**Student:** 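Just passing along the structure, written as structure tokens.
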Amino acid sequence: MSDHVATMVAEVRERIAAARARGGHGQDVTLIAVTKTHGPDAVMAAANAGVHDVGENKVQEAESKMAQVTVPVRWHLIGHLQRNKAKNAAKFDLVHSLDSERLAVALDDAAGEAQRVLEVLVQVNVSGESTKSGFALHDLATVAARLHACSNLRVRGVMTMAPFDAEESVLRTVFRGARDARAQLQAAGFGADWLSMGMSGDYEVAVEEGATHVRLGTVLFGSRT
Ligand SMILES: *Cc1c(COP(=O)(O)O)cnc(C)c1O
């Protein structure tokens with residue numbers, strides 16, 4: 001597995017650099033290797049290839065890998081989180097999927113109990129697809145007011161997912177919507193610089209539109225069975 005992952009990481013990094021130059025936003029881009037459904041060997045292969053940011057969408061699956069992985073990596077929670085699992089989320093380095101006010105309160109409590117500040121991204125649902133989690137853009141002002149009261153959370157930016165297999169114009173609309181959401185959070189006083197957007201099928205467009213974090217599974221590890 002390791003050789004293949006290293007080859008793919010090198011190719012993806014080149015594509016990211018080219019997309020970044022085309023987009024002209026001048027941002028740094030963090031590559032997150034999404035290891036969901038794969039074993040701890042995928043995490044090790046990513047780390048060996050120089051990728052030290054790992055994304056998981058389920059808390060339990062991630063916890064089992066955390067226990068087995070011996071190299072230091074940063075763990076990103078990218079999937080929808082149930083409130084009753086908020087306590088476990090305090091183990092992650094960054095939670096991308098803050099998608100409700102109630103979850104914000106639960107995460108704030110969990111971080112407080114763990115005596116740490118938890119970094120989070122606000123997930124936005126730009127396209128309005130009912131299958132996707134996240135806040136609508138027009139709710140962000142209200143959300144921001146609520147988040148200011150969560151003293152154990154540090155809001156670092158926005159996460160979004162584009163519709164699968166969408167046309168480029170749709171992708172760009174979604175990614176610009178996320179940028180707009182980030183601007184709203186910044187206007188509300190958060191130092192929210194990060195934009196987590198872009199998956200295997202759309203990360204080059206996402207980087208052109210200013211993504212600072214791309215979440216890549218399939219392109220690095222092959223399809224999930
Ligand atoms: C699975 C997943 C990814 C990675 O998707 P690929 O298409 O395999 O790159 C990215 N983001 C989230 C939220 C995911 O659940």
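When reading the values below, keep in mind they use all heavy atoms of this one structure, side chains included, and skip hydrogens, waters and symmetry mates. One-based numbering, in listed order, for ligands and for the atoms of each. Only a predicted model underlies this, so the values are computations on that prediction, with no experimental measurement involved.
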**Student:** Would you check if the side chain of Asn125 reaches a backbone N or O of Glu129 as a donor-acceptor pair within less than 3.5 Å?
**Tutor:**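 A pair under 3.5 Å: yes.
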**Student:** Could you find the nearest protein heavy atom to atom 15 (O) of ligand 1 and give me its residue, atom name and distance?
**Tutor:**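 It is Lys36 NZ, 2.7 Å.
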**Student:** One thing to verify: whether Glu56 and Lys36 come together as a salt bridge, which I'm taking to mean a side-chain N less than 4.0 angstrom from a carboxylate O.
**Tutor:**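 No, Lys36 and Glu56 are not salt-bridged.
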**Student:** Looking only at protein heavy atoms, which one is nearest to atom 5 (O) of ligand 1, and what is the separation?
**Tutor:**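 For this ligand atom, the closest protein heavy atom is Met199 CE, 3.4 Å.
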**Student:** If the cut-off is 4.0 Å to any non-hydrogen atom of Thr218, which atoms of ligand 1 fall inside it?
**Tutor:**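 Those qualifying, in numeric order: 6 (P), 7 (O), 8 (O), 9 (O).
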**Student:** When you check the side-chain N and O atoms of Ser97 and His80, is any donor under 3.5 Å from an acceptor?
**Tutor:**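 Result is no, nothing qualifies.
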**Student:** Suppose I only count heavy atoms of Leu216 and a 4.0 Å limit; which atoms of ligand 1 are within that range?
**Tutor:**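 Every atom of ligand 1 under 4.0 Å from some heavy atom of Leu216: 9 (O).
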**Student:** In terms of ring plane angle, is the pair His148 and Phe190 parallel, tilted or perpendicular, where the classes change at 30° and 60°?
**Tutor:**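 Ring orientation of His148 relative to Phe190: parallel.
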**Student:** Under the 3.5 angstrom rule, does the side chain of Ser127 hit a backbone N or O of Pro163 as a donor-acceptor pair?
**Tutor:**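 No; judged by distance alone, with no hydrogens or angles, the pair does not exist.
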**Student:** Could you list the atoms of ligand 1 found under 4.0 angstrom from a heavy atom of Arg215?
**Tutor:**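 In order of numbering, the contacting atoms are 4 (C), 9 (O), 10 (C), 11 (N), 12 (C), 13 (C).
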**Student:** So that I can tick it off, tell me whether Arg176 and Glu209 are bridged by a salt bridge, with the cut-off set at under 4.0 angstrom between side-chain N and carboxylate O.
**Tutor:**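 Here Glu209 pairs with Arg176 in a salt bridge, since their nearest N and O are under 4.0 Å apart.
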**Student:** Does the residue Val219 have a heavy-atom contact with ligand 1, meaning some pair of atoms that are separated by less than 4.0 Å?
**Tutor:**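 In this structure, Val219 fails to qualify as a contact of ligand 1 - no heavy atom is under 4.0 Å.
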**Student:** Looking only at protein heavy atoms, identify the closest one to atom 12 (C) of ligand 1 and say how far it is in Å.
**Tutor:**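 Closest protein heavy atom to atom 12 (C) of ligand 1: Ile78 CD1, 3.5 Å.
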**Student:** Give the atoms of ligand 1, by number and element, whose distance to some non-hydrogen atom of Gly217 is under 4.0 Å.
**Tutor:**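 Every atom of ligand 1 under 4.0 Å from some heavy atom of Gly217: 4 (C), 6 (P), 8 (O), 9 (O).
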**Student:** For ligand 1, which atoms, with element, lie under 4.0 Å from some heavy atom of Ser200?
**Tutor:**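 In order of number, 6 (P), 7 (O), 8 (O), 9 (O).
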**Student:** Just by distance, with hydrogens left out, do His76 and Asp53 show a side-chain donor and acceptor under 3.5 Å apart?
**Tutor:**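 His76 vs Asp53: donor-acceptor pair found between side chains.
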**Student:** Does any N/O atom on Arg224 come nearer than 3.5 Å to any N/O atom on ligand 1?
**Tutor:**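 In this structure, Arg224 places an N or O atom under 3.5 Å from an N or O of ligand 1.
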